[in-house]
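Remember, it's 1-based here, ligands and their atoms both numbered in the order they're listed. Sequence positions, counted from 1, serve as the residue numbers for this chain. The basis for the numbers below is simple: all heavy atoms, side chains too, and nothing from hydrogens, waters or symmetry mates.
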Amino acid sequence: MEKVILDCDPGHDDAIAIMLAAGNPAIDLLGITTVAGNQTIEKVTRNALSVCAAAGIHVPVARGASAPLVASQVVAEDIHGATGLDGPALPEPAFALDPRHAVDFIIDTVMAHESNTVNLVPVGPLTNIALAMRKEPRIIERVKSVVLMGGAHTRGNMTPHAEFNIYVDPEAAEAAFRADWNVTMVGLDLTHQALASAELQARVRAIGGPVSEFVGAVWDFVGAAYREVYEFEAPPVHDACCVAALIDPTIFTTAMADVRVELRGEWTRGTTVVNFRDVPGMHHSSGSAERQTDFRTAVALQLDQQRFADQVVDAVERLTANLAK
Ligand code: BDR
Ligand code: CA
């Protein structure tokens with residue numbers, strides 16, 4: 001079993017990531033931490049609790065940073081709505097928040113478990129992760145892996161090149177990429193392959209029951225937003241891809257790359273600048289002599305869409321069966 005702390009900003013695809021993590025027997029979900037991103041910290045934290053209530057999930061939920069390290073706060077209301085999780089009925093929380101700040105929850109949990117056993121899965125801006133590293137640097141050598149949703153090497157979704165999670169808190173993201181731990185970058189190049197296609201939506205709806213209805217309503221809302229804003233036929237289930245990789249490490253291919261976050265560009269702030277080591281046609285000269293190329297990040301490239309869809313369906317089935325118990 002892979003131990004996971006899911007750091008998120010629910011968020012429609014975050015909701016599916018929570019359900020996949022809680023609904024797959026290969027994942028030991030140690031806790032959910034929240035960060036301001038898709039909406040304010042109050043809203044995304046409340047949404048995390050509502051997702052747990054809707055799906056019968058009982059794990060600690062700790063509220064985290066309310067704003068990026070340096071930048072002013074930006075939310076994604078055009079995609080996720082006024083609540084941050086518009087569409088499904090959001091049930092009252094079934095339990096209270098963990099009393100700790102998310103940063104302390106992350107530190108305590110990583111330090112309490114054996115070294116090299118806890119995976120961090122940040123699927124929102126990286127604010128909590130950067131703060132935790134700064135407060136307790138020993139977590140860096142203890143964490144097994146960081147599988148983050150963010151960045152892109154072909155296109156952005158906030159600006160032509162910048163992806164939302166990195167754009168919102170670029171300083172935090174750069175700190176996470178620079179730290180000496182194993183990072184997998186699950187960017188838009190990968191997550192745009194993980195679509196809630198009509199077929200996947202039909203499979204989930206066919207399960208029936210409250211979890212299936214919740215997920216159906218999630219995809220109805222975010223599907224309409226993605227059609228309107230990006231002209232996508234189906235909405236990407238971005239964040240769930242990180243959990244999928246911990247369930248099945250062969251679900252996508254990766255290549256090692258040097259990833260830098262642009263912190264100063266007039267048009268490019270928040271862009272991940274990705275230099276692949278050994279992908280034919282995608283290796284760039286490291287250019288200037290003043291910086292050393294550092295191929296330390298595994299960048300996700302090609303998703304097995306069928307296996308991803310099967311994982312999501314399986315998790316909804318298991319959560320549905322658990323609710324009935
Ligand atoms: C990322 O931004 C958020 O809106 C999603 O939840 C996902 O984490 C995609 O760019
Ligand atoms: Ca997210």
I'd like to know if the Ca ion (ligand 2) has an N/O/S atom from D14 within less than 3.0 Å of it, counting both backbone and side-chain atoms.
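It does; at least one qualifying atom falls short of 3.0 Å.
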
Using a cut-off of strictly less than 3.0 Å, determine whether V123 has an N/O/S atom near the Ca ion (ligand 2).
yes

Protein contact of [atom] - nearest heavy atom, named by residue and atom, plus distance:
atom: atom 10 (O) of ligand 1; result: E163 OE2, 2.4 Å
atom: atom 8 (O) of ligand 1; result: D239 OD1, 2.6 Å
atom: atom 2 (O) of ligand 1; result: F164 CD2, 3.4 Å
atom: atom 4 (O) of ligand 1; result: N38 OD1, 2.6 Å

Inspect the surroundings of [atom1] in [X] and state if more than 12 heavy atoms from other residues, nucleotides or ligands are less than 6.0 Å away.
X: H153; atom1: NE2; answer: yes
X: D180; atom1: CG; answer: no
X: R134; atom1: CZ; answer: no

State plainly whether the residues [X] and [Y] are in salt-bridge range, i.e. N to O under 4.0 Å.
X: R178; Y: E174; value: yes
X: E114; Y: K144; value: no
X: D220; Y: R205; value: yes
X: R155; Y: E163; value: no
X: R296; Y: D258; value: no

Is [X] close to ligand 1, meaning an N/O of one under 3.5 Å from an N/O of the other?
X: M149; result: no
X: D9; result: no
X: N165; result: yes

Under 30°, 30 to 60°, or over 60°: which ring-plane class applies to H238 and Y226, parallel, tilted or perpendicular?
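Tilted.
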
Do you know which of E77, H12, H80 makes side-chain hydrogen bond (donor to acceptor under 3.5 Å, both in side chains) with N38?
H80

Under 4.0 Å from ligand 1, counting heavy atoms only, is it the side chain of [X], its backbone, both or neither?
X: D13; answer: side chain
X: T191; answer: neither
X: I79; answer: neither
X: H80; answer: side chain

Distance (rounded to the nearest 0.5 Å) between E213 CD and T320 OG1:
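The distance works out to 10.0 Å.
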
Which atoms from ligand 1 have a heavy atom of [X] less than 4.0 Å away?
X: D14; answer: 6 (O)
X: N157; answer: 9 (C), 10 (O)
X: H238; answer: 9 (C)

What atom name does the N, O or S atom of D239 nearest to the Ca ion (ligand 2) carry?
OD2

Proximal heteroatom of D9 relative to the Ca ion (ligand 2) (N/O/S)
OD1

